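Report on the following structure.
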Amino acid sequence: MRVHELAKELGVSSRELLARLEKLGLSAASHMSALDEDQIRRIREDAAGKPAPTPVTPEKTPPKPTPPPPQEASPSAEASRRVTVHGPVIVKDFAALLGLKPNQLIAELMAINVFASINERIELKTARQIAARHGFELVHEKKTPERKPPRPAPATAPAREDRPEDLAPRPPVVTFLGHVDHGKTSLLDRIRSARVAGREAGGITQHIGAYTVEYNDHKITFLDTPGHAAFTAMRARGANLTDIAVLVIAADEGVMPQTREAIQHAQAAGVTIMVAINKIDLKTADPDRVKSQLQELGLTPEDWGGEVICCPVSAATGEGIDELLEMILLQADMLELKANPNRPAEGFVIEARMEPGMGPVASLLIKRGTLHVGDVIVAGFHWGKVKALINDRGVKVRTAAPSDAVQCLGLTDVPGAGDAFMVYSDERAARSISEQRREAQRRKQLATSRRVSLDDLLRETSPEQKQVLPVVLKADVQGTLEAVEQALGEIKSDKVEIKIILAGVGNITENDVLLASASHGVVIGFNVSSQGGAAAAARREGVEIRLYDVIYELLDDVRRALTGMLEPETRENVLGRAEVRQIFTVGRRTRVAGCVVLSGRIRRGARTRVLRGEEVIYQGSLASLKRFQNDAAEVREGQECGIRLDNFGDFQPGDVIECYEIEKITAEL
Ligand code: GDP
């Protein structure tokens, strides 16, 4: 029995059950982990024991669903000595943690019939056993994926945050990514035909850019434009639609260049990655090879002690599809996806077109709120009143809830894919917002400034946080790529950081540009050129492509760009000092100080301060400077002059007037 099956039986979430197992000191790496009889017995006892006051609870009785308060692990002498492991337990690292030599550990493992070499992983259960022998408690910490903060809502959007109590679970939104011909489209088709068309009598499958299936009474929405090009193109427009990226890898071919690229795109987006190992029906299928390739890429499969759920499937025979759906739901359960359904809808345009006889038709994905027929919306630059909503089965519906995809009729024009949409209270507001946006767009098109360039990148980010320069790096061959990557990694600074979001071999493609755009980064090419639509995309997206064939030039430029990202340091230079000898009143109120320049020079317009003893009694600028009756730009040491300051005339003989300038010094890395 696996963790998620027991969780279902006990009426708790897999996540909760894992936490309970952890508390009881039982090993279970994930919700897919198989449990032994002892574990099942103890967890059942634990679940049954706490909520039920009766001393004897038969095993069959379903336990109360209310989760008991977390129980403290029983205090023991060992608890004070803990070793913490993240991800898989590798012999070499584990030995170091326990203060053992690797061969000592290998010998100990052999003694309990576990045969593992120095670089191999061992099961958590085994590791716990060994740790206990040495008086340690082993703590297994899961790595939580780094999530990117969402882009801020457009300025015109009336951002209203939801209260936690208004949030309800919502279905996951899933995208298939992977190498060409590995079966993304076939999987989408297989899932759709198995779970959608067969159930909906009379419905005609519509291509609306996404579809929703039901499995075990839970919904899953699939975006049906697979591939990381579409995925990142949407993201470049600010539309982070995907919750879970399913990486499709053909079991016969294994990880291919575009698989790697897809991983980098998904990681740059900060979405959860799962793997579907497809084509397992083929004789040449080798799922274990795929898993070891994944492990090498840092995506250790769950059944190998890592975090990544891998499902063997066949789009051709349908094998494993149910399990894949189940795992997607489990992953979604872990992500605790929620949205407030009771608010005006917001979301994104998946795709849109002009349909003869119907006018503009836009496929919308609801992120939060509920969209109703009759609502007034603004999508991108256009507005409209929702005339009809049609779901992915071609059925007219009155409403669409969070994570639903629907076709919307009634917009005044065709919005762009990836545009955000939002419901507004009335037509006038909607019309004026869409006009404002069109106007803003016109201004933007007129402005020549580029959005992302090496030199001005990230100037707008706050100086407190460490600056990051996201880089998409392309080189002609793997060896060069690694060399450039390493050289870039050696540019060290505690103030700025280069983050290589994609490193690949080959010419610069439109995808590379889109990834850089989505991440507010730049594209750097070494011994490569840009191909196809890359240059046009770079112009459109305002992304800078820099091409080099000399490594020193590349490194110098990057260093210069990073230096430009630093706040310049400032230094004060005193230009000169003058002493007030006499005070004159000119006109009705203006007071002028008659001075002698003690040192340096006094300059008109310079920053000035007045010192009375140690105290600074004025700071401002030197409004006028006269030598005898004439205006002077500058007066030197030993000369006499008349000084008038901006908004200050309260001089006394003996005051010192000091002129200074602030020099900006380019910061060093
Ligand atoms: P995509 O480019 O990733 O969308 O790949 P497709 O879905 O177009 O599939 C590419 C080829 O692989 C097609 O000829 C499919 O028939 C075939 N294919 C897809 N899935 C399977 C599978 O599970 N088993 C086998 N034997 N062939 C498959």
Side-chain angles (χ1 to χ4, degrees), residues 173-198 205-211 213 215 220-235 241-242 244-267 269 271 273-291 293-294 297 299 301 308-328 350-351 363 392 405 417 502 504 506 509-512 514-515 532:
V173 179
V174 179
T175 302
F176 282 123
L177 305 179
H179 195 75
V180 66
D181 280 349
H182 279 200
K184 301 178 291 292
T185 316
S186 308
L187 276 170
L188 277 165
D189 289 348
R190 166 63 77 164
I191 292 169
R192 184 206 280 267
S193 60
R195 298 263 145 218
V196 181
T205 315
Q206 290 257 113
H207 174 85
I208 66 164
Y211 63 83
V213 301
Y215 184 78
I220 307 171
T221 295
F222 289 93
L223 293 176
D224 68 4
T225 324
H228 53 270
F231 172 78
T232 299
M234 291 289 249
R235 213 161 65 74
L241 308 183
T242 304
I244 299 171
V246 176
L247 196 62
V248 179
I249 306 177
D252 55 338
E253 283 194 346
V255 169
M256 298 293 278
Q258 282 174 33
T259 319
R260 283 199 192 86
E261 213 174 291
I263 294 171
Q264 290 171 317
H265 279 246
Q267 282 173 337
V271 300
I273 300 178
M274 284 177 56
V275 176
I277 303 179
N278 190 32
K279 308 196 186 182
I280 52 160
D281 56 293
L282 295 175
K283 279 204 182 67
T284 45
D286 187 354
D288 276 346
R289 183 170 142 257
V290 177
K291 286 183 186 174
Q293 288 175 327
L294 284 168
L297 293 171
L299 296 176
V308 181
I309 298 178
C310 292
C311 301
V313 294
S314 165
T317 65
E319 190 186 344
I321 300 289
D322 280 356
E323 287 76 9
L324 175 65
L325 297 177
E326 196 170 330
M327 287 304 115
I328 290 173
I350 309 169
E351 56 181 43
S363 297
D392 52 352
L502 181 141
T509 64
E510 191 173 345
N511 271 347
D512 298 330
L514 289 175
L515 179 62

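Everything quoted here is computed from the prediction, not taken from an experiment. Just so you know, ligand 1 is whichever comes first in the structure, and atom 1 is the first atom listed for that ligand.
- Counting heavy atoms closer than 4.0 Å to ligand 1, residue Thr185 contributes atoms from both its backbone and its side chain.
- A distance-only check finds a donor-acceptor pair linking the side chain of Ser314 to the backbone of Thr317 [under 3.5 Å].
- The aromatic rings of Tyr211 and Phe222 sit tilted, their planes meeting at an angle between 30° and 60°.
- In summary, the atoms of ligand 1 found under 4.0 Å from a heavy atom of Val180, numbered by their order in the structure, are 2 (O).
- Across all non-hydrogen atoms, the minimal contact from Ala276 to Leu187 is CB-CD1, 4.3 Å.
- For Lys291, the side-chain hydrogen bond (donor to acceptor under 3.5 Å, both in side chains) test picks out Asp303, with sequence neighbours left out.
- With hydrogens and angles left out, the side-chain atoms of His265 and Thr232 include a donor and acceptor closer than 3.5 Å.
- Listed by number with element, the atoms of ligand 1 under 4.0 angstrom from any heavy atom of Asp281 are 22 (C), 23 (O), 24 (N), 25 (C), 26 (N).
- Looking at Ala250, Ser186, Gly320, Ala276 and measuring to atom 15 (C) of ligand 1, the nearest heavy atom belongs to Ser186.
- Those atoms of ligand 1 that come under 4.0 Å of a heavy atom in Ser314, given as number and element, are 23 (O).
- Judged by distance alone, the side chains of His182 and Glu253 do bring a donor and an acceptor atom under 3.5 Å apart.
- Which parts of ligand 1 touch Leu282 is read off a 4.0 Å heavy-atom cut-off, strictly below it: atoms 26 (N).
- For the residues His182, Lys279, Gln258, His179, the heavy atom positioned nearest atom 27 (N) of ligand 1 is part of Lys279.
- Remark: the Thr509 side chain and the Asp512 side chain contain an N/O donor-acceptor pair separated by less than 3.5 Å.
- Proximity to Ala315 (heavy-atom distance under 4.0 Å) selects the following atoms of ligand 1: 20 (N), 22 (C), 23 (O).
- Atoms of ligand 1 lying under 4.0 Å from any heavy atom of Ala316, numbered from 1 in the order shown and given with element: 22 (C), 23 (O), 24 (N), 25 (C).
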